[in-house]
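What you see below is based on every heavy atom in this structure, not just the backbone, and it leaves out hydrogens, waters and symmetry mates. Positions are given from 1 along the sequence. Whatever order the structure lists ligands and atoms in, that order sets their numbers, starting from 1. Because the structure is predicted, anything quoted here is derived from the model rather than measured.
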Amino acid sequence: METRPILFFDSGIGGLSVVKEARILLPRRPYVYVADDAAFPYGAWEEGALLERMVGLFAELLETYRPVMSVIACNTASTLAIHRLREAFPGETFVGTVPAIKPAAERTRSGLVSVLATPGTVKRQYTRDLIRDYAAKCHVRLVGSENLAALAEQYMREGHVDEAAVEREIAPCFVEQDGKRTDIVVLACTHYPFLVNRMRKTAPWPVDWIDTSEAIARRALALSANLPPPSSDGNGQDIAHFTSGAPVEGYRRLVTGFGFIAR
Ligand code: DGL
């Protein structure tokens, strides 16, 4: 029987979009949710400094929680650090989250695809390599949004968001070219699925919004097939760890709704 948890990691509360799917596929595993809220937003960090921070933080988290698997439920963090984390902690299992460029390229009919992400993710070599390897025949527009992750956090905490602000952030995703239009927008930040209804409402025309949360949970499920069965009945107390030690108002209530007790 396995008592060690699956650790989910994000800069904030966006990774809860992955937890939501994982709770369906892996209901009996104990979970730990880690929000590096002391460093939010990751999208604005310089790469070297963020990499150093993440490796240091994982050394502590792996020691404290001894997870069976760590799901990096954050594109900004994964596209920067997934290879480095695997190198630094070779005995550990990491599941990464990367922009769904390959499925978007396979699915588009117009050939115009937009990738909506943080400024960090759109800058990454990892993201550029995905486009080169899988979407060379498409026109891919990378849209780095300064504010959407924070708007998603606000929406999750307070239940409302400025729709005009969402509309402004997504507007550059919509391209018309030679009589064709963007038909797919990749949600390449785990915060964004929480705002997808607002995005649909404010979009200038209908598109497919690709959300990878379920695919990430499926990957965790596939890897968990190699583990001993969980000893938890699914009713144990899961922990949410905020690196600030003092999460802003509304976070505690929010994580409780996802089955965690805030630390
Ligand atoms: N949730 C993170 C992602 O998937 C990013 C939010 C941030 O800027 O920290 O990219």
Side-chain angles (χ1 to χ4, degrees), residues 7-22 33-54 57-58 70-85 94-101 103-104 114-128 130 142-157 161 165-166 169-170 173 185-196 198-199 209-217 219-220 240-244 247-248 251 254-255 258:
L7 188 149
F8 293 81
F9 180 87
D10 182 34
S11 56
I13 48 184
L16 293 172
S17 58
V18 178
V19 166
K20 199 163 142 237
E21 299 297 331
Y33 186 80
V34 179
D36 189 8
D37 62 326
F40 180 85
Y42 269 13
W45 275 68
E46 189 276 313
E47 293 193 344
L50 183 56
L51 201 48
E52 206 176 301
R53 176 177 180 86
M54 284 192 63
L57 198 52
F58 264 90
S70 298
V71 179
I72 312 299
C74 174
N75 293 259
T76 314
S78 275
T79 51
L80 176 70
I82 192 79
H83 296 320
R84 182 67 182 279
L85 289 171
F94 290 98
V95 176
T97 304
V98 298
I101 288 165
S114 290
V115 177
L116 184 60
T118 67
T121 299
V122 305
K123 270 194 304 210
R124 304 270 188 264
Q125 191 57 44
Y126 198 120
T127 306
R128 312 264 160 171
L130 287 175
L142 290 169
V143 178
S145 165
E146 302 277 347
N147 303 311
L148 263 184
L151 287 168
E153 297 236 332
Q154 184 204 6
Y155 177 63
M156 290 170 76
R157 282 193 320 262
V161 67
V166 173
E169 298 292 314
I170 66 168
C173 294
V185 176
V186 177
L187 299 176
C189 168
T190 51
H191 281 71
Y192 299 170
F194 290 109
L195 282 180
V196 74
R198 294 299 187 284
M199 294 183 191
W209 305 87
I210 299 195
D211 167 6
T212 45
S213 325
E214 190 189 336
I216 302 157
R219 179 74 190 136
H241 172 133
F242 290 90
T243 57
S244 66
V248 297
Y251 272 10
L254 180 74
V255 294
F258 283 83

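- Between H83 and F94, the ring centre distance reaches or exceeds 6.0 Å.
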(request) Before giving the answer on salt bridge (Lys or Arg N to Asp or Glu O under 4.0 Å), spell out for R124 and E47 the whole-Å C-alpha distance, their side-chain angles and the decisive distance to 0.1 Å. (result) CA-CA 9 Å; R124 304 270 188 264; E47 293 193 344; 2.8 Å; yes
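- A donor-acceptor pair shorter than 3.5 Å can be found between the side chains of T76 and T118.
- A donor atom on one side chain and an acceptor atom on the other are found under 3.5 Å apart for D36 and T243.
- At least one side-chain heavy atom of F9 sits less than 4.5 Å from a side-chain heavy atom of M54.
- A heavy-atom cutoff of 4.0 Å around ligand 1 is satisfied by the protein residues D10, S11, F40, P41, Y42, G43, C74, N75, T76, T118, A149, C189, T190, H191.
- With sequence neighbours excluded, the residues satisfying side-chain hydrogen bond (donor to acceptor under 3.5 Å, both in side chains) with E169 are S145, N147.
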